[in-house]
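The structure appears below as structure tokens.
Throughout, a chain's letter reflects where its sequence line sits, starting with A, and its residues are numbered from 1. Below, each value reflects all heavy atoms present in this structure, side chains not excepted, and no hydrogens, waters or symmetry copies. On a predicted model such as this, the values are computed, not experimentally measured, just so you know.
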Number of protein chains: 2
Amino acid sequence: MVAKGGKQTLSDDVRARLRADILSGRLLPGYRLKFPELGTRYDASVSVLREALVRLAEQGLVRSEPHQGFVVTPLSREQLWELTEARVELETLVLRRSVVEGDLAWESRLVAAHHTLERTPYTAEGDDQRVDDDWATAHAAFHEALLAGCTNQRLLRMALGLRDEAELYRRWSQPLGDEPGRDLTGEHRALLEAALTRDPDAAAAALCAHVRHTTELLLAAADRLDHDHSEAQE
Amino acid sequence: MVAKGGKQTLSDDVRARLRADILSGRLLPGYRLKFPELGTRYDASVSVLREALVRLAEQGLVRSEPHQGFVVTPLSREQLWELTEARVELETLVLRRSVVEGDLAWESRLVAAHHTLERTPYTAEGDDQRVDDDWATAHAAFHEALLAGCTNQRLLRMALGLRDEAELYRRWSQPLGDEPGRDLTGEHRALLEAALTRDPDAAAAALCAHVRHTTELLLAAADRLDHDHSEAQE
DNA sequence: GCACCTCAAACTTTCGAAAGTTCATTGACT
DNA sequence: AGTCAATGAACTTTCGAAAGTTTGAGGTGC
């Protein structure tokens with residue numbers, strides 16, 4: 001075996017690496033994924049790449065058009081809005097169940113994830129513009145821990161899948177400069193608090209606000225960017 | 001091109017045929033899908049089959065274990081229960097939105113689908129035990145029309161995906177003999193009525209009852225089957 | 001008789017090349 | 001000049017065979 005990650009099949013390994021590259025922004029939305037190029041990048045043959053891409057396509061991270069290959073899912077305001085709406089509905093639903101059904105192990109894991117998140121700096125040293133990779137990981141872990149109490153694996157998986165897609169947009173927005181004076185820490189504390197006191201309504205409300213807020217700031221940043229562009233063109 | 005269906009790529013075609021064969025019960029749950037056999041059945045090479053199977057696996061219709069190939073998703077009481085729970089949550093959510101957001105075209109399509117369903121016989125002539133294929137199609141079309149008013153394509157797609165999976169169980173239950181004295185027609189009329197009067201609460205309640213009822217009867221039938229088995233063994 | 005090892009058959013996974021498609025560019029014709 | 005068909009380069013899709021893995025059958029030692 002060529003072996004690199006500890007995965008079972010090469011295809012799984014390549015899919016994981018592709019997914020990581022897309023979610024971390026190393027492969028940008030709209031980027032055309034050509035087999036010859038990917039072949040050298042991941043040191044794999046067409047079949048393996050194809051399988052990996054097909055799976056990512058099914059999850060919405062890449063798009064495919066017959067005979068025109070694969071593209072990292074392009075972003076658009078409409079899609080972001082639709083995704084946000086879907087997340088608000090599904091994630092609040094799953095969070096409600098999680099808060100009601102979660103056991104002690106869930107609580108403990110949640111507290112741990114929150115602690116890690118609070119102690120991880122938002123921006124890396126020396127670069128105030130770009131969000132730190134470790135923070136992004138801790139943030140994702142906290143939200144996953146929040147939902148993980150839901151015993152229905154199907155609902156949970158779907159909710160996490162939507163979060164993954166949303167991560168695409170978050171990464172894209174980072175170079176735009178970040179939210180002025182947003183109390184992210186406070187929002188996360190509110191979520192933790194509501195979860196630990198087992199208050200589904202409060203938790204759902206806090207999550208809904210958190211998700212919507214993020215999207216609104218993101219759209220505002222995108223608008224600013226568009227303005228700058230059109231001004232630069234004139 | 002070898003051409004058979006009117007699809008764009010062979011893989012799409014094979015995937016559609018595989019999906020149809022699984023959902024219609026021609027390929028039974030738990031059945032091991034071997035490439036050599038599938039190759040002759042669908043007249044396609046390994047790559048094509050693999051791609052089709054990977055996609056179906058991502059949608060939950062087949063399962064794959066590394067180096068052990070693919071299997072039509074096996075059924076279990078736990079899985080059926082989890083799936084039903086997920087459907088109740090998601091489908092009612094989507095139905096509520098559909099009932100509120102649906103336009104005139106949606107209404108018309110819904111009325112048409114209901115009409116077709118009412119005029120299609122439940123069992124084929126000469127065979128009272130097995131549900132008619134046309135009825136199954138009309139039934140699926142009615143439920144899809146019910147949800148189709150939801151403008152959020154993501155939520156809609158997820159709900160329909162879960163319905164697909166549930167179809168597996170429905171088919172499996174058919175040989176067990178069907179629901180005694182169930183008023184299916186009445187349940188469907190109630191759904192239509194609530195949808196047309198734009199009453200989200202009534203619609204959600206009717207759908208919830210419809211879905212749960214189906215699963216309960218199914219589990220009861222499965223229990224009967226188990227009893228027969230254990231008695232036969234003694 | 002029972003556990004364990006070996007080995008071959010039957011698969012699955014991966015590869016690299018052949019076949020088929022799209023897209024842009026060139027050249028001919030109006 | 002402008003339109004449109006022909007050509008070819010760069011892909012995507014599909015194939016069939018090579019490489020690697022699992023599984024169970026048959027044989028050996030205790």
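- In this structure, A/S45 and B/G69 both approach DNA chain C, and ranking their closest nucleotides by distance from the 5' end singles out B/G69.
- If you take CD of A/E51 and P of C/dC15, they are 11 Å apart, rounded to a whole angstrom.
- Listed nucleotides D/dC11, C/dC15, D/dT14 differ in distance to A/P36; the shortest reach to its side chain belongs to D/dC11.
- The nearest whole Å value for the distance from the OH atom in A/Y42 to the P atom in C/dT14 is 17 Å.
- Counting only heavy atoms from C-beta on, A/Q68 has its side chain closest to C/dC23 among C/dC23, C/dC15, D/dT12.
- We find that CZ of A/F35 is positioned 15 Å from C1' of C/dT22, with the value rounded to whole Å.
- The distance from atom CG of B/D12 to atom C1' of D/dT14 is 13 Å, rounded to the nearest whole Å.
- Using a cutoff of 4.0 Å between basic side-chain nitrogens and carboxylate oxygens, A/R170 and A/E167 are scored as salt-bridged.
- Partners of B/W81 under the ring pair (Phe, Tyr, Trp, His ring centres under 6.0 Å) rule, at least two apart in sequence or in another chain, do not exist in this structure.
- Classification of A/E51 and A/R55 as a salt-bridged pair holds, one side-chain N sitting under 4.0 Å from a carboxylate O.
- Of the candidates D/dT14, C/dT14, D/dC15, the closest approach to any side-chain atom of B/S47 belongs to D/dC15.
- Between B/Q8 and C/dT21 there is no side-chain N or O to OP1 or OP2 distance below 4.0 Å.
- Within the 4.0 angstrom heavy-atom criterion, only backbone atoms of the sugar-phosphate kind lie near A/L33; the bases stay farther away.
- D/dG16 atom P lies 16 Å from atom CG of B/L38, rounded to whole Å.
- Rounding to whole angstrom units, CZ of residue A/F70 and P of D/dT12 are separated by 9 Å.
- Side-chain contact of A/R32 with A/Q68: a donor-acceptor pair under 3.5 Å is absent, judged by distance alone.
- To the nearest angstrom, P of D/dA18 lies 20 Å from CG of A/L10.
- Nearest to the side-chain atoms of B/H67 among the listed nucleotides C/dT14, D/dT12, D/dT22 stands D/dT22.
- Whole-Å rounding puts the B/R15 CZ to D/dT14 P distance at 13 Å.
- A donor-acceptor contact under 3.5 angstrom links the side chains of B/R154 and A/Q79, judged on distance only.
- Note on A/R32: a side-chain N or O is less than 4.0 Å away from OP1 or OP2 of D/dT12.
- Residue A/L49 is classed as having no contact, given no heavy-atom separation below 4.0 Å to the nucleic acid.
- Distances from the side chain of A/K34 to the nucleotides C/dC11, D/dC15, D/dT12 place D/dT12 closest.
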